[in-house]
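Data first, discussion second: the structure below is written as structure tokens.
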Amino acid sequence: MNTHSDLRIQFSALIPMTGSVMENGDLVIRDGLIHAIETRKAQPQESTVIDLSDHLLLPGFINAHCHLSLSCLKGKVPKTERFTDWVRALLKISADIPFMEKLAGIRAGAQEMLSSGVTTLADYISQAELFPEYAELPLRKILFLETLGFNANRVQYVCKEVEAILDSHASHRNAIFQFGLAPHAPYSVSPYLFKALKSLAQQRKLPFSCHVAEFPEEIRFLREGGGEMEAFLIERGVFDENWNPPETGVLQYLDSLDVLQDLVAVHLNHIESSDLELMQQHHTGAVFCPGSTQWFDRKKNLPLRKILNMGITAGLGTDSLASNESLNFLRELKIAEMLIPEISRMEWLEMATRGGAKILESTAGIIRPGAPADLIGFHLSSKPTRYEDIPFDKSRQHVDFSMIAGQQI
Ligand SMILES: [Zn+2]
């Protein structure tokens, strides 16, 4: 029985990401959730009816990896031959950015995501003082506390700090604001800290994510030690003289630390076929960042076709504006299919919605009763041949409707 306070949305077509396209129906929204999907009612009893009878509806997009607080660096960090030179430039430039400029970047970046259909943001963030700004954003958010600490003697300090942040900001947590933990990467976090953070994430039931196999030097560092990566850590004063390279691939290394289970692994450009079995075994999720991959002009990117064929769940992320020109998610979809043409549009949409949600342990990303009412809509001037082509249309830079937790944005 629908009630007067429910909200009814009439749609022309709906891709629920749980089954086939539905046409000419209604969605009933109650308490921020999808209550029912019904056939069109001629005389609805709800007081609020949104007429989207000329729109295609989809679940809102899940941006599964971003660093929104780096949005102020848009166009400022030069492309460099070596990854460590890019990090050096990023650190130098970001140190001089005033706090207010950072806040403005966060707002502008969030707006760009919202207008291009993102309703859930999974973001890496290292500055707790930015949380209040994030709390104001209408997006559904999973904020991964990003941690560094290659020196083994940092473990206790970093863990205490992370726990203190989680406790002191617990009041921010609500239906659309959650925390996660993100040790930055295998080359910047000690094995001890990795294990300690994983155990903290398990204790507190938080999603766990890190950058994995992003660039070739990372692989070399783990297999042989030394090289550009070690020089960089020494230069930063954070190298651990007692560290011995595990002499394995990155995923084998993470498996040896027992941190692969349900890990949200970002990038994976340089993994081996044998790594995929480990991912499958441990339900490791993959995040592909199309715009960032293009920006860095990566010669190798993750074996996404194989990943999907093996039933490993994947999502899509924009990464930050320090390595991408835009946070427009519709642009990401277009770059994605250009970089990896053998993936179908329905598969890209699946990654952009349900896949991203699944690896982040979110109930969003699908349209079915009980799921969050996070929706996006595209105006249709005529019935398309294939509905899944609509978000990929070159002329579409923005969505025409957006709703998060039952609130129209
Ligand atoms: Zn990143």
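Every number for a ligand or one of its atoms is a count from 1 in the order of the listing.
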Original post:
Taking the six-membered ring for Trp, are F296 and F83 parallel (under 30°), tilted (30 to 60°) or perpendicular (over 60°)?
Top reply: tilted
**OP:** Please work out which of the three classes, parallel, tilted or perpendicular, describes the rings of F378 and F61, given edges at 30° and 60°.
**Re:** tilted
**OP:** Flag yes if more than 12 heavy atoms outside K306 fall under 6.0 Å of its NZ atom; otherwise flag no.
**Re:**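 Counting neighbours around NZ of K306, 12 or fewer heavy atoms of other residues, nucleotides or ligands fall under 6.0 Å, so no.
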**OP:** Have a look around the Zn ion (ligand 1) and list protein N/O/S atoms under 2.8 Å, or say none.
**Re:**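 Hits for the Zn ion (ligand 1) below 2.8 Å: H65 NE2, H67 NE2, H211 NE2, D319 OD1.
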Subject >> Considering all heavy atoms, the nearest V189-L148 contact >> reply: CG2-CA, 4.2 Å
Original post:
Cation-pi between K79 and W86: NZ/CZ under 6.0 Å from ring centre and within 45° of the ring axis?
Top reply: no
Subject >> Lys/Arg-Asp/Glu bridge criterion (N-O < 4.0 Å) met for E337, R345 >> reply: yes
